[in-house]
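Side-chain atoms are counted along with the backbone in the values below, which use heavy atoms only and exclude waters and symmetry mates.
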Amino acid sequence: MPEQTANVARGPFFFENWKAALQNQEILGCYECPLYSDAWMVGEEELGPYWFMNTVAQTIRADRDLLAPVFVLRVHVHTQLDEPPMDKKDTSTYHGGWFSDEVAALAALAMGARVQAGPVTREFKEGDARGRPVAYCGYGAPILLCGERGRALPWAVGSHSLEDLGWLNWFETDPRDQVALVRPARLYQDAIWIADAEPAMAWLLLVSAIETAADRWDQSQSSAIDRLRYSKPDLVKSIEERCPDLLLIVADQIADTIGATRKFIAFTLRFLPPEPPLRPEKWLQVVWEEADLKRSLRKIYGYRSKALHTGVPFPAPMCQPPRPFGPTAPTERPVGLATRTLGAVWLREDMPMSLHIFEYIARKALQSWWSSLRPVDTGSPSRG
């Protein structure tokens, strides 16, 4: 049976709590927790019931690439987190983390920076303006592992502005869309967090992030029968000839499990971002044309399938940090007509792009999909 997601009544807590704040529901509580990053955060931002307070943790340090609590998240809680009844399975909003992890993941996706939540450090009770320090058991500060050869994602470090969080200032949409944003955000968050130490796993997580949103987007584009007809026309024809009453039942059961490559490529090309703002010399670039990118995406999805089903990791050259060539941006794909390493050989056509370029495509495509859900004539909700 498919997971219970079709009739989600509530979205993730991040959106439900913001909605309750806009409805002027009373504050039920308030707490703070640190958000860690190796990037340098600029500015502060207040989004509804969420206040991202800059700790100025790295502006006075010579090395700004070290992990630090770069800002503190203060949350005003306006709604209770409903616990589902225990008489049946329910994973409709499950993403493997707590509420603070939702916020950190969405912040990471919005800014393109590594962000992880630490434990709650202060709680505010009614009438207590200063709050009280707490150190509950549960989880501690995150750990960031570095790669031996350098940074696989050079854009993830450096300066990032909290103003980019304004991209999240839209949530009047189907709760299923909200879940389909938080889950890819969590995958993206984990992908870039481990990218330097485990780039092959980062590739898998980034592909899965696109897949998750693509599946929801694909469902919104056409009915289950139409999706099944597109992927399995002969099967649909046979069912219509023999037992047409079963077609809807069969489509509801299997339509979402087929056509994975098609959905992945169609979503990515539909929401493909413009070329990166900084690029190396032309011979070191990825060709930013639909036909070329379609071939690259098909190859990347093939590597994803081999990694999951046969244990063959993503090609090592695609996992290595990009090489700098002169004062411009680093290379966008492995250099050379062929690469031999770790007992394997790959030709140039086997290595379509480096990890940092695919990260850029994945992040911007997910952002573009979310922005596309906003009606053109709808203004932004209140940020206060």
Would you call [X] and [Y] a salt bridge, using N to O less than 4.0 angstrom?
X	Y	value
R183	D215	no
D218	R270	no
E102	R186	no

Could you list the donor-acceptor pairs under 3.5 angstrom formed between side-chain atoms of residues 318-325 and any protein atom two or more places apart in sequence or on another chain?
none

Q: Could you please spell out the steps behind the side chain to side chain contact (heavy atoms under 4.5 Å, CB included) verdict for V157 and W40?
A: CA-CA 7 Å; V157 295; W40 175 26; over 6 Å; no
message = Counting only heavy atoms from other residues, nucleotides and ligands, does the tally under 6.0 Å from CE of M201 exceed 12?
response = no
Can any side-chain N or O of [X] pair as donor or acceptor with the backbone N or O of [Y] at less than 3.5 Å?
X	Y	result
D101	W98	yes
S354	H356	no
R340	W346	no
H76	C30	no
T79	A20	no
E16	G11	yes
D190	L187	no
Y50	F14	yes

Who pairs with [X] by side chain to side chain contact (heavy atoms under 4.5 Å, CB included), at least two apart in sequence or on another chain?
X	answer
P276	W155, R279, W288, E332, I357, Y360
E26	L28
A213	P184, F267, L366, W369
A266	W217

With hydrophobic residues grouped by side-chain heavy-atom distances under 4.5 Å, do [X] and [Y] end up in a single group?
X	Y	value
Y188	Y94	no
V72	W51	yes
V115	W167	yes

With E211 as partner, the option from R262, R304, R216 fulfilling salt bridge (charged side-chain N to carboxylate O under 4.0 Å, His left out) is R304
| Residue pair L35, Q116: steps toward the side chain to side chain contact (heavy atoms under 4.5 Å, CB included) verdict | CA-CA 6 Å; L35 298 183; Q116 290 277 358; over 6 Å; no
Separation between CH2 (W283) and OG1 (T331), nearest 0.5 Å, reads 8.5 Å
Excluding L337, membership of its hydrophobic cluster (Ile, Leu, Val, Met, Phe, Trp, Tyr; side-chain heavy atoms within less than 4.5 Å) reads none
Apart from L145 itself, its cluster of hydrophobic side chains linked below 4.5 Å comprises I143
Among all residues two or more places apart in sequence or in another chain, which pass the side-chain hydrogen bond (donor to acceptor under 3.5 Å, both in side chains) test with [X]?
X	value
Y31	S100
E32	R74
E349	none
Y303	none

- [ ] List the steps and the verdict of side chain to side chain contact (heavy atoms under 4.5 Å, CB included) for T93 and F13.
- [x] CA-CA 9 Å; T93 61; F13 188 78; over 6 Å; no
F71 meets the ring pair (Phe, Tyr, Trp, His ring centres under 6.0 Å) criterion, sequence neighbours left out, with F52
Taking the six-membered ring for Trp, is the centroid-to-centroid distance between Y301 and W203 below 6.0 Å?
no
